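The structure appears right after this line, and notes come after that.
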Amino acid sequence: MIIGLTYDIIRWEEKSIIEEANKLGHKITPIFTKDFYFSSDEYQLATMDVVLQRNTSHARAFSTSTILEGLEYKVINDARTLVNCENKLVTMSLLSRHKIPIPKTAVAFSKEKALEVAGKIGYPTIIKPVEGSWGRMVAKADNDDYLRSYMEYQDYTTLPLRNIYFIQEFVKKPDRDIRIFVIGDEVPVGIYRTNTKNWRTNTALGAVAEPLKIDEELQDLAIKVKDIIGGFFLGIDVFEDPERGYLVDEVNGVPEFKNTVRVNKFNVSEYLIKKVEEWIRK
């Protein structure tokens with residue numbers, strides 16, 4: 001099997017995928033997207049059975065997946081899935097429509113309306129960018145004054161959707177969240193991300209990864225999310241609410257998995273490539 005791999009930065013994950021693909025006897029065709037271009041009348045790509053999308057930049061990931069799909073390559077993940085994951089408004093709308101439990105969420109297009117809906121949700125409340133962040137640019141507001149300040153700060157950023165205010169309840173999770181992976185049609189592995197010093201539980205912001213035992217409810221929830229969002233390889237972020245149970249917070253279309261491999265001793269890259277083999281043979 002010839003596997004294309006699009007990237008803009010070679011991280012641990014990309015090195016692992018290349019190493020495991022080689023061990024399994026496959027050929028990797030790297031596509032460095034900062035040097036990539038497309039011209040409808042001249043550009044030719046090599047033969048590839050499948051392309052793994054691994055760009056850290058959403059703009060590059062979406063654009064190259066779109067182009068490669070137009071050239072009739074199989075891409076993991078496809079452009080539609082990337083939009084469904086990257087844009088939190090799209091993600092939450094899809095999940096809500098299909099009755100997937102999510103945190104209380106509101107979207108407002110003026111500061112006055114944002115303050116009104118935040119009051120209805122109840123403080124503290126969370127404001128986050130509609131697209132991207134890795135846990136950054138996410139703030140917890142304890143009252144109207146804090147929330148207005150965060151909105152004014154957002155207005156002066158370069159965020160493309162900076163005048164849309166995405167408001168969520170502050171879920172009283174137990175100092176941790178869950179990152180669970182769907183690969184193909186399976187839910188093989190996940191982690192807790194625990195942070196006792198900061199309410200944000202991203203490992204990039206200091207959270208510690210711990211092994212997760214996946215129960216049947218969590219597995220079923222992950223598969224339902226995958227069926228709604230699309231894609232082949234997803235990282236799903238889940239909160240544990242003391243009264244409502246599991247709440248889906250976000251879905252990642254180009255997930256990182258270094259810490260998951262480390263704490264679970266589970267070879268995500270090997271598993272991914274073997275599931276791709278099965279998919280290609282069908």
Side-chain angles (χ1 to χ4, degrees), residues 5-7 9 11-14 16-17 20 52-58 61-62 65 75-88 90-92 94-95 100-103 128 131-136 138 173 176-195 200-205 207-215 218-240 246-264 266-273 275-276:
L5 189 142
T6 64
Y7 70 97
I9 299 172
R11 300 167 292 179
W12 183 94
E13 285 81 0
E14 288 69 54
S16 174
I17 289 170
E20 294 304 323
L52 300 181
Q53 178 58 257
R54 295 299 307 170
N55 276 282
T56 59
S57 160
H58 170 67
F62 170 74
S65 281
V75 185
I76 298 173
N77 285 313
D78 61 276
R80 181 69 258 173
T81 298
L82 296 177
V83 171
N84 291 346
C85 293
E86 174 69 12
N87 187 300
K88 297 178 182 67
V90 175
T91 305
M92 290 301 170
L94 287 170
L95 296 179
I100 298 296
I102 62 173
K128 58 176 70 172
E131 292 187 346
S133 87
W134 276 312
R136 299 174 178 87
V138 177
K173 58 186 187 290
R176 69 186 187 190
D177 72 357
I178 290 169
R179 164 63 65 84
I180 189 166
F181 292 86
V182 179
I183 305 178
D185 53 0
E186 302 289 342
V187 187
V189 70
I191 55 172
Y192 290 114
R193 301 185 298 185
T194 302
N195 196 340
R200 293 177 294 182
T201 45
N202 306 73
T203 53
L205 299 177
V208 176
E210 299 172 336
L212 166 70
K213 184 177 180 180
I214 302 170
D215 62 33
L218 191 56
Q219 179 174 311
D220 290 345
L221 178 63
I223 291 296
K224 287 178 182 177
V225 171
K226 184 259 185 186
D227 290 341
I228 293 164
I229 297 298
F232 190 93
F233 181 30
L234 301 175
I236 302 171
D237 296 345
V238 181
F239 293 160
E240 300 163 281
Y246 294 131
L247 304 176
V248 177
D249 181 53
E250 294 184 9
V251 184
N252 298 271
V254 186
E256 297 174 281
F257 51 88
K258 175 176 66 175
N259 290 317
T260 301
V261 171
R262 177 176 57 82
V263 302
N264 286 288
F266 181 87
N267 193 328
V268 171
S269 295
E270 180 187 47
Y271 192 93
L272 171 63
I273 293 165
K275 293 300 289 185
V276 171

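These numbers come from the heavy atoms of this one structure, side chains and all, not from hydrogens, waters or symmetry mates. All residue numbers in this chain count up from 1 along the given sequence. Not measured: the values here are computed from a predicted model.
No side-chain donor-acceptor contact under 3.5 Å links N55 to the backbone of S57. In this structure, the side chain of S16 does not engage the main chain of W12 through any donor-acceptor pair within 3.5 Å. In this structure, the side chain of N264 does not engage the main chain of V189 through any donor-acceptor pair within 3.5 Å. Proximity of a side-chain donor or acceptor of N195 to a complementary backbone N or O of T201 within less than 3.5 Å is not detected.
Counting heavy atoms from C-beta on, the side chains of R11 and T56 come closer than 4.5 Å. In this structure, V251 and C85 have side chains that are in contact, with non-hydrogen atoms separated by less than 4.5 Å. A heavy-atom distance below 4.5 Å is found between the side chains of V225 and L95. Side-chain atoms of V75 and F232, non-hydrogen and from C-beta on, never get closer than 4.5 Å to each other.
Remark: K224 NZ is loosely packed, at most 12 non-hydrogen atoms of other residues, nucleotides or ligands lying under 6.0 Å away.
For an aromatic pair to be called close, the ring centres must be under 6.0 Å apart, and F266 with Y271 satisfies this.
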**OP:** Would you please test V254 and R54 for side chain to side chain contact (heavy atoms under 4.5 Å, CB included) and show each step?
**Re:** CA-CA 6 Å; V254 186; R54 295 299 307 170; 3.8 Å; yes
**OP:** Test side chain to side chain contact (heavy atoms under 4.5 Å, CB included) on L272 and F233 and set out the steps.
**Re:** CA-CA 8 Å; L272 171 63; F233 181 30; 3.9 Å; yes
Subject >> Evaluation steps, side chain to side chain contact (heavy atoms under 4.5 Å, CB included), between N84 and L94 >> reply: CA-CA 8 Å; N84 291 346; L94 287 170; 3.6 Å; yes
**OP:** Any chance you could lay out the side chain to side chain contact (heavy atoms under 4.5 Å, CB included) test for F257 and I183, step after step, and finish with the verdict?
**Re:** CA-CA 12 Å; F257 51 88; I183 305 178; over 6 Å; no
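The residues E13 and K258 are annotated as not salt-bridged, no charged nitrogen and carboxylate oxygen being separated by less than 4.0 angstrom.
Checked options I76, L82, N77; the residue passing with Q53 is L82 (criterion: side chain to side chain contact (heavy atoms under 4.5 Å, CB included)).
Here R176 pairs with E240 under the salt bridge (Lys or Arg N to Asp or Glu O under 4.0 Å) rule; sequence neighbours left out. Here D185 pairs with K275 under the salt bridge (Lys or Arg N to Asp or Glu O under 4.0 Å) rule; sequence neighbours left out. In this view, R193 and D177, D237 satisfy the side-chain hydrogen bond (donor to acceptor under 3.5 Å, both in side chains) rule, not counting sequence neighbours. Not counting sequence neighbours, the partners of D249 by the side-chain hydrogen bond (donor to acceptor under 3.5 Å, both in side chains) test are K128. Residues meeting the side-chain hydrogen bond (donor to acceptor under 3.5 Å, both in side chains) test with D220, sequence neighbours left out: none. Residues satisfying the side-chain hydrogen bond (donor to acceptor under 3.5 Å, both in side chains) criterion with N259, sequence neighbours excluded, are R262.
In this structure, P255 and F181 approach most closely via the heavy-atom pair CB-CE2, 3.8 Å.
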